[in-house]
Amino acid sequence: MRYSEVDFICQMGFSRSSANHTLYTALMLQPRIIGGLFAVGVLLQSPSFFLALSAALWWSALVPTRNPFDAIYNYAAAYPRGLTPIPVAPTPRRFAMGEAAAFTLGIAAALFLHATITAWMLEGVFVAALMLVFFGRFCLGAYMYHLVRGVMLTGERRLSIGLPCGS
């Protein structure tokens, strides 16, 4: 397992001892689905589409035991293969989902108000955050949670920027 995958799992709020490639794969399913849906939303520039995406993300953040993205993984991948289902999202992961929900709600509002440039700017920030997850194994939303909670740099390398990983 790559160090960056362990860092990503820790950043999401899971312990280092629970870090394995299966959990990493499970955690990456939601950003991949959101990325695909987001691309459709950008092409459509539909405020209703972004509002629905925001609702799904809010639901996932506020009711983590009923996260539809985790349910997709559990029923399509985990249960048929005898894998451990994805655990309920810890607070950093829920914070990241809430942040994504707020961004997509902002995009929907901007599109409803015909503030196209604002919508494009918010979409650009969201795409940049998705690229960080896909290519950098770094979740900006979870990192923001850790910053808000006061977790600062330590002497040990974590996430290339110093976030600790629980054990």
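Quantities reported herein were computed from a predicted structural model and do not represent experimental measurements.
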Determine yes or no for a side-chain-to-main-chain donor-acceptor pair under 3.5 angstrom, with Asn67 supplying the side chain and Val88 the backbone.
-> no

Taking the side chain as every heavy atom from C-beta outward, state whether Phe134 and Met28 have any atom pair closer than 4.5 Å.
-> yes

Do the side chains of Met97 and Val133 join up, straight or via other hydrophobic residues, at under 4.5 Å, putting them in one cluster?
-> no

Rounded to the nearest 0.5 angstrom, the CG-CD1 distance for Leu53 and Ile33 is 11.0 Å

Reported OH-to-CZ distance for the pair Tyr24 and Arg137, which is rounded to 0.5 angstrom | 4.0 Å

Provide the closest heavy-atom pair for Ile9 versus Asn20 in the form atom of the first, atom of the second, distance.
-> CD1-O, 3.5 Å

For the student: nearest non-hydrogen atoms of Ala77 and Leu83, plus distance | O-CD1, 4.2 Å

In Å, rounded to the nearest 0.5 Å, how long is the span from CD1 of Ile86 to CG of Leu27?
-> 4.5 Å

Would you find a donor on one side and an acceptor on the other, under 3.5 Å apart, between the side chain of His146 and the backbone of Gln11?
-> yes

Heavy-atom closest pair (Arg32 atom, Thr25 atom, distance to 0.1 Å) is NH1-O, 4.5 Å

Would you kindly say whether Trp120 and Thr116 are connected by a side-chain donor-acceptor distance under 3.5 Å?
-> no

Around atom CG of Leu43, are there more than 12 heavy atoms of other residues, nucleotides or ligands at under 6.0 Å?
-> yes

State, with a plain yes or no, whether a side-chain heavy atom of Phe69 is found less than 4.5 Å away from one of Ile34.
-> yes

Could you tell me the separation between the CG atom of Leu23 and the OG1 atom of Thr84, rounded to the nearest 0.5 Å?
-> 9.5 Å

Any idea which heavy atoms bring Arg66 and Trp59 closest together, and the distance?
-> O-NE1, 3.0 Å

Taking Thr104 for the side chain and Ala100 for the main chain, is one N or O donor matched with an acceptor at less than 3.5 Å?
-> yes

Taken to the nearest 0.5 Å, the spacing of Glu99 CD from Cys139 SG works out to 7.5 Å

When hydrophobic residues are tied together by side-chain contacts of less than 4.5 Å, even through go-betweens, does Phe50 share a cluster with Phe112?
-> no

Going from CG on Asp7 to CZ on Arg16, what distance comes out if it is rounded to the nearest 0.5 angstrom?
-> 6.5 Å

If you group Ile, Leu, Val, Met, Phe, Trp and Tyr by side-chain heavy-atom gaps below 4.5 Å, do Leu105 and Val125 land in one group?
-> no

Ala96 to Ala142 - nearest heavy-atom pair and separation = CB-N, 3.6 Å

Over 60° means perpendicular and under 30° means parallel, so classify the ring planes of Phe126 and Phe38, tilted if in between.
-> parallel

Is it true that atom CE of Met144 has more than 12 heavy atoms of other residues, nucleotides or ligands lying nearer than 6.0 Å?
-> no

Give the intermediate values and the outcome of side chain to side chain donor-acceptor pair (under 3.5 Å) for residues Ser46 and Ser48.
-> CA-CA 5 Å; Ser46 166; Ser48 300; 4.5 Å; no

Per the side chain to side chain contact (heavy atoms under 4.5 Å, CB included) rule, which among Val42, Ile107, Leu44 passes with Phe49?
-> Leu44

Shortest non-hydrogen contact from Phe95 to Gly141?
-> CD2-O, 3.3 Å

Taking only residues two or more places apart in sequence or in another chain, which ones pass ring pair (Phe, Tyr, Trp, His ring centres under 6.0 Å) with Tyr73?
-> none

Residues that, via side-chain heavy atoms closer than 4.5 angstrom, fall in one hydrophobic cluster with Tyr79 = Tyr75

Could you tell me whether the side chain of Glu5 and the main chain of His21 form a donor-acceptor pair under 3.5 Å?
-> no

